[in-house]
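What follows is a set of notes on a single structure, which appears directly below.
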Amino acid sequence: MKVLIIASSPESDIDYINKIYDENDDLYVICADGGIEKADKLGIGVDLHIGDFDSAPSADNCDVIRHPCEKDWTDTEACIYKAIETGADEIYLTGILGGRADHMMSNLLGLLNPDWISAKIFAFDRCNIITKLESGDYTMPDGFKYMSIVPVDEKLEGVILEGVKYPLQNAEMYRYKSLGISNEITEKIAHVTIGKGRGLLIFSKDAR
């Protein structure tokens with residue numbers, strides 16, 4: 001089951017959300033609080049609206065889950081937990097990369113939440129696709145140029161990169177150094193191996 005989550009961070013361009021929606025059949029759509037305004041603007045039908053509704057009123061044309069304003073989790077986090085509970089094995093997370101840095105950092109680090117291991121989670125905006133870093137094979141998404149590895153743990157060990165412009169063999173990457181930034185996939189598929197450590201894998205393109 002594929003789930004599209006639309007969160008409420010401010011964005012100048014939200015057409016990428018429509019592209020995700022149009023390219024995937026039978027998406028279950030969840031909006032986090034003010035994300036409902038983006039869905040309405042794009043004409044996307046919503047199945048579930050979750051939030052404390054401090055950013056927008058609750059929807060009246062879908063299921064609604066209301067949470068108190070004083071709580072120990074964000075509305076976006078609640079949406080992801082609900083998506084997992086509903087049976088999602090693939091989640092497209094949108095509307096989280098602009099606006100407040102505290103929410104953005106929490107959402108990105110949350111991609112490594114062990115509670116969500118049953119689903120592949122991808123965070124999107126118009127210039128980036130971000131997911132947790134795992135050993136495997138990767139193809140550059142259409143329209144993107146760069147592939148970056150950002151350590152979340154202090155150090156990644158045993159890093160092997162093949163099929164890229166700047167290959168590595170048994171390298172170390174550190175959270176406070178930029179070694180893994182702005183590589184490019186040069187073959188049909190890039191091979192990524194991580195011996196130890198956790199991080200984020202980012203596909204990106206320049207804003208125009």
Side-chain angles (χ1 to χ4, degrees), residues 3-9 11 16 20 32 71-84 88-141 144-185 189-207:
V3 174
L4 170 63
I5 295 175
I6 306 175
S8 59
S9 67
E11 300 176 278
Y16 75 95
I20 296 169
K71 57 187 184 299
D72 295 329
W73 60 86
T74 65
D75 294 326
T76 301
E77 186 179 5
C79 288
I80 298 173
Y81 270 106
K82 188 62 180 179
I84 299 290
D89 53 22
E90 199 160 307
I91 298 173
Y92 306 134
L93 184 57
T94 67
I96 68 160
L97 299 179
R100 288 174 49 182
D102 55 349
H103 280 266
M104 181 178 68
M105 291 297 295
S106 175
N107 287 322
L108 289 177
L109 294 176
L111 297 177
L112 300 170
N113 188 335
D115 291 347
W116 301 338
I117 196 170
S118 62
K120 295 180 179 179
I121 305 176
F122 303 90
F124 289 79
D125 70 2
R126 70 188 183 96
C127 295
N128 303 280
I129 302 174
I130 306 173
T131 189
K132 67 179 179 180
L133 179 64
E134 298 176 312
S135 291
D137 297 332
Y138 297 91
T139 302
M140 188 74 76
F144 289 77
K145 182 178 181 180
Y146 304 107
M147 181 188 77
S148 297
I149 292 174
V150 177
V152 172
D153 290 339
E154 182 178 2
K155 180 170 67 172
L156 299 180
E157 300 178 23
V159 180
I160 300 172
L161 298 179
E162 299 173 324
V164 296
K165 185 174 182 179
Y166 305 106
L168 292 173
Q169 286 292 328
N170 200 32
E172 295 179 345
M173 289 185 179
Y174 291 86
R175 186 169 54 211
Y176 42 81
K177 292 186 176 181
S178 59
L179 175 61
I181 301 301
S182 295
N183 215 325
E184 300 176 37
I185 296 177
I189 296 174
H191 302 281
V192 179
T193 300
I194 307 297
K196 183 179 179 181
R198 301 172 302 161
L200 297 173
L201 181 65
I202 304 174
F203 298 104
S204 58
K205 60 185 177 181
D206 294 319

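In what follows, every heavy atom counts, from backbone to side chain, and hydrogens, waters and symmetry copies are set aside.
- For the pair T76 (side chain) and A7 (backbone), a donor-acceptor distance under 3.5 Å is absent.
- In this structure, A119 and A88 approach most closely via the heavy-atom pair CB-O, 3.6 Å.
- The side-chain heavy atoms of V150 and L133, taken from C-beta on, include no pair separated by under 4.5 Å.
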Task: Stepwise side chain to side chain donor-acceptor pair (under 3.5 Å) test for Y81 and D115 - done: CA-CA 8 Å; Y81 270 106; D115 291 347; 2.6 Å; yes

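- Counting heavy atoms from C-beta outward, Y138 and I189 have side chains that stay 4.5 Å or more apart.
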Open item on the list: Walk me through whether S9 and E11 qualify under side-chain contact (heavy atoms from CB on, under 4.5 Å).
Closed with: CA-CA 6 Å; S9 67; E11 300 176 278; 4.2 Å; yes

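- Proximity of I129 to T131: side-chain heavy atoms (C-beta onward) are nowhere separated by under 4.5 Å.
- Heavy-atom contacts from other residues, nucleotides or ligands closer than 6.0 Å to NZ of K205 number more than 12.
- The closest side-chain heavy-atom distance from L200 to V152 is below 4.5 Å.
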Just distance, no hydrogens or angles: give the donor-acceptor pairs under 3.5 Å from side chains in residues 94-102, sequence neighbours left out.
{"from": "T94", "atom 1": "OG1", "to": "I5", "atom 2": "O", "distance (Å)": "2.8"}
{"from": "R100", "atom 1": "NE", "to": "D102", "atom 2": "OD1", "distance (Å)": "3.1"}
{"from": "R100", "atom 1": "NH2", "to": "D102", "atom 2": "OD2", "distance (Å)": "2.5"}

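- Residues Y146 and I202 have side chains not in contact (no heavy-atom distance under 4.5 Å, counting atoms from C-beta outward).
- Side-chain atoms of Y166 and E184 form no donor-acceptor pair, as typed in the model, at a separation below 3.5 Å.
- Counting all heavy atoms, side chain and backbone alike, S182 lies closest to S148 at N-OG, 2.8 Å.
- Within 6.0 Å of CG in L109 there are more than 12 heavy atoms belonging to other residues, nucleotides or ligands.
- Inter-residue side-chain proximity for W116 and I80 is flagged as met; some heavy-atom pair is nearer than 4.5 Å.
- No side-chain heavy atom of K132 sits less than 4.5 Å from a side-chain heavy atom of L201.
- Within the 4.5 Å cutoff, no side-chain heavy atoms of I160 are placed close to those of L168.
- Ring planes of F122 and Y92: tilted class, angle from 30 to 60°.
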